[in-house]
Amino acid sequence: MREYNFYEVEKKWQKIWEEEKILRAGDFPEKKFYVLVMFPYPSGDLHMGHCRNYVIGDVIARKKKMEGYDVLHPFGWDSFGLPAENAAIRRKIHPREWTFKNIEESREDIKKMGILYDWDREIFTCKPDYYKWTQWLFLLLFKRKLAYRKKAFVNFCPSCKTVLANEQIAHGRCERCGKEVTKKELEQWFFKITDYAERLLKDLEKLEGKWPERVIEMQRNWIGKSEGVEIDFIFEENKDIKLKVFTTRADTIYGVTFLTISPENEIIKEIIKNSEYKNEVLRYIERSLKISEIERASILREKTGVFTGKYAIHPFTGEKLPIFVGDYVLAHYGTGIVMGVPGHDQRDFEFARKMNLKIKIVIKPFDSEIGEEIERAYEEYGIMINSGEFTGLDSKNGIEKVCEKLEKMGLGRKSISFRLRDWLISRQRYWGAPIPIIHCENCGIVPVNEKDLPVLLPEKVDYIPKGRSPLETNEEFMNTTCPKCKNKAKRDPDTMDTFVDSSWYYLRYIDPKNDKEIFDKEKIKRWLPVDEYIGGAEHATGHLLYSRFITKVLYDEGLIPFDEPFERLFTQGMVLRRTPDGNVEMMSKRAGNAVTIREFTKDWGADIARINILFAGPPERDFEWTDEGVQGAKRFLLRVWKLFNENEEVFKKAILEINKEKLSEKEKELYKLTHIYFKRVSEDIENYKFNTAIAALMEWMNHLYSFPLKLSEIFGYSLNFFCIALSPFAPHMAEEIWSKKERGSILKEKWQKWDEKVIEEEEVTIVVQINGKVRGKIKVKKGKNEEEIKEMAFSLPNVKRYIENKEIVKVHYVPDKILSIVIK
RNA sequence: GCCGGGGUGGCGGAAGAGGUAGACGCUGUGGACUUAAAAUCCACUGGGAAGUAAUUCCCAUGAGGGUUCGAGUCCCUCCCCCGGCACCA
């Protein structure tokens, strides 16, 4: 038997695929299929943890290609960003140099895995021909009043010395370096994603059933819509000043005993203007803005606050309500002021206890009484008490009634609050797309003219982080003229968040070389939306939300005819592996448990890696890479090779059609099974069940080994379809086997869609149950009636044993499946 | 705390829409081949009991209840693990 050399065979076929450009896509497809994998940050030496989603995408792309689709399967590099800069600082080389070196390495690795992309469409977000259009997109948002600048307290990482977006903070710490995030007041650019909150939420319905439920749910929570009432509390000293409060529990309004304002709120200045507590308040504000987000947000932390010395008026009772400043109130949510209802909100309860404030009970449980002295706030709905005209109402209905009264008084209105905040896109970093804005002393903020794009990233800057943008260190870049008045002006020194780059890249693949416009509308119409998008779930509330937002903006501008970019989404699990110290962790260079593509494909081969990755478990779940798994994959593939070797002649001779009428009983069975297995593989790929697809191939193979008539025509027929079904998973071996037939690449073969009738079973096994337990089985022709089955069942010795001398209570027959007998 | 997803052999995991629980693989044990080992091939491999045997029975899908002729799958209560959010008023 001929040996199989994985390394040589794989090299050979990768070269052929490359030369034949076998997966190049045209601009105007007939029957399109756009399969996209989340493009990576180029980190150099790739390992198995990096490529799970590429393997998944490749299986789908190959199958769709064979099904006759025009397949678009592109690849690119999300190549701006902090790591390049950090690595470059460490190694004292330019970020670009480091980035492109990594890209070269990573691209080779991906090819070594046998993954087919249309490399003619490769994109690089860090190249001017790409970021020109990122800047163009910025200008579009600016034009549509969706990009704005404001002085704001922003999240700042003291270690990376840069501003962070909400999405880049995890548990109050910088996602990248783990340092606690602090607050800093800076002029920053924002994208007004909150304008789209309602649509981003609503359109999640369109994705139901096509995106993973948990991603949809995460976005829902992230957008965080709540419906409530905005209530005006009049400032006692000056009736023109209204303290606006947002609440979802207007039913508790009679329980309000104080108001609390967040320290960031500008209105405080007005409130304390002539207060004897002024200095105390200012000191408190200063202190709370300094402490880190993580400290401030800690639930365990005791509530703190300070009295302003001033009062507001309760809209219904006219009572004087003391006004406090407290940092447990969030600045960005609702109005930044809350009404304190200590009886029915645990946070207010804690604050009231600390500050010795009155606690009023205004809601009681439906079925019990509630005392004056409570240990914690009663937060459920119930019956309204001590609530004037509303007393006795179900509090859920009370919300509506209270709101109506406030509306009549002109002191309240229905209101909706979102948890989602605007997208902060300014970064004080070098390796990103410059913001195409010019600051002019006369004209203010002026956008760069479209014809002057791209604003090129200057080559020479001092990019050691100092908390200011590195671009400021390049005079030549900074000094420019105002496009409006032609006077001297300065460029904006910041670069854009890299999530801006990746929020539209799936569109650029369609027309990657277009230097006249961001993309050709006609081509986009033909290819988009993306049919299958594959990537990590960690992007649920970042990239995937931003992309949806940008898509909607482009839709509103009339540039694209769809408003959701990704038709179906699949999120794969992580690849884990045991580390040298025995823990099972995510595969990474740092943990010392990486299996690199380069090493592995040299020693074992890409097909083995692919089978191992896909067979180890369901693709949405994490899996552990083990040596045993690798061995198993190898054993399977060598057994496949041996099977074809031993039966080469019959395989070569066989054609892809057969006259089933002439087949013997034994042969018919294999004919039937061939179709069943092939269908299972097909459907399992369609449903992302690659593990069971490979299990079906294994069963099929085992069956072929034990099939006695190895010289029959049907055997060759089955071998042929086995090879086709194998090809998306182990493409190199499949090609090598297929090449014996001298029909060209297996990718040009047709992936069959067989109908149900071919595989109709004429014999079935009927299970006989007695009181729910299996007591016998009968093999019969399909479609026997109940009487016949009963007769056969009752004559089975084992069944007889049970029903003898017993009363039969009931017999239940499910045609061709089960006969269930109930005895006493 | 809230929201999602899960708990099935020694392990990874299978079980359209309630219908033979444990597919497929790994590991392990025994055997064949070999001077020997590796590789390969064959058999067995959830636990327990009876039988020389073929076979048969009991128990078993986190725990406890329920619906049903029949529950891993549906309903209720509880426990544990993973992921996300977290003072969101």
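Just so it is clear: chains get the letters A, B, ... in the order the sequence lines come, proteins before strands, and each one is counted from 1.
Geometric assessment of A:R419 against the ring of A:Y333 yields a negative cation-pi assignment under the 6.0 Å and 45° thresholds. For the pair A:R610 and A:F690, the cation does not sit on the ring face, since its NZ or CZ is not both under 6.0 Å from the ring centre and inside 45° of the axis. Under the 6.0 Å distance and 45° angle rule, A:K225 does not count as a cation-pi partner of A:F418.
Nucleotides B:G13 and B:C82, compared at atom P, are 15 Å apart to the nearest Å. Across the C1' atoms, B:A86 and B:U20 are found 48 Å apart, a figure rounded to whole Å. Taking the C1' atoms as reference points, B:G22 lies 9 Å from B:U61, given to the whole Å. Distance check on atom P: B:U56 versus B:G62 gives 28 Å, rounded to whole Å.
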Would you tabulate the side-chain donor-acceptor contacts of residues 614-624 of chain A under 3.5 Å, counting partners in other chains and residues two or more places apart, or write 'none'?
| residue | atom | partner | partner atom | Å |
| --- | --- | --- | --- | --- |
| A:D622 | OD1 | A:M574 | N | 2.7 |

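Using a 4.0 Å heavy-atom criterion, one finds that A:K225 contacts no nucleic acid atom at all.
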Polar-atom pairs under 3.5 Å, protein N or O versus N or O of nucleotides 42-44 of chain B: list them with distances, or write none.
none

Taking only N/O atoms, report every protein-nucleotides 26-29 of chain B pair under 3.5 Å with atom names and distance.
| residue | atom | partner | partner atom | Å |
| --- | --- | --- | --- | --- |
| B:C26 | OP1 | A:R635 | NH1 | 2.7 |

So which protein N/O to nucleotides 2-8 of chain B N/O distances come out below 3.5 Å?
none

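Separating the CD atom in A:E230 from the CG atom in A:L406 is a distance of 11.0 Å, to the nearest 0.5 Å.
Put simply, A:N702 has a side-chain N or O that comes within less than 4.0 Å of OP1 or OP2 on B:G25. Note on A:R419: a side-chain N or O is less than 4.0 Å away from OP1 or OP2 of B:A86. Checking the phosphate oxygens (OP1, OP2) of B:A14, a side-chain nitrogen or oxygen of A:N691 falls inside 4.0 Å. The side chain of A:S417 places no N or O atom within less than 4.0 Å of a non-bridging phosphate oxygen (OP1 or OP2) of B:A89.
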Determine, stepwise, if the pair A:F6 / A:Y4 fulfils ring-ring contact (aromatic ring centres under 6.0 Å, His included). CA-CA 6 Å; A:F6 284 90; A:Y4 185 82; 4.7 Å; yes
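Closest approach to the A:V338 side chain among B:A89, B:G13, B:U20 is made by B:A89 (side chain taken as heavy atoms from C-beta onward).
Looking at A:T194 and A:W423, their side chains never bring a donor and an acceptor atom within 3.5 Å of each other. In the model, A:D684 has a side-chain atom that pairs as donor or acceptor with a side-chain atom of A:T692 under 3.5 Å. Using a 3.5 Å distance cut-off with no hydrogens or angles, the side chains of A:Y328 and A:S262 do not pair a donor with an acceptor.
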For nucleotides 57-70 of chain B, give me one character per nucleotide, 5' to 3': B if any protein heavy atom sits under 4.0 Å from the base, S if the only such contacts are to the sugar-phosphate, - if neither. SSS---------BS
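Here B:C11 presents its C1' atom at 15 Å from CG of A:D627, a figure rounded to the nearest Å. As a whole-Å value, the separation of A:E380 CD from B:G1 P is 14 Å.
Of all heavy-atom pairs spanning A:T335 and A:F246, the tightest one is OG1-N, 3.7 Å.
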Report the secondary structure of RNA chain B in dot-bracket form, marking unpaired bases with a dot and bases paired to a different strand with |, and treating Watson-Crick or G-U pairs with both distances under 3.5 Å as paired. (((((((..(((......[....))).(((((.......))))).(((((....)))))..(((((..]....))))))))))))....
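Two residues, A:G334 and A:V767, neighbour RNA chain B, and the one matched to the more 5' nucleotide by heavy-atom proximity is A:V767. When each of A:A695 and A:G617 is assigned the nucleotide of RNA chain B bearing its nearest heavy atom, the one mapping closer to the 5' terminus is A:G617.
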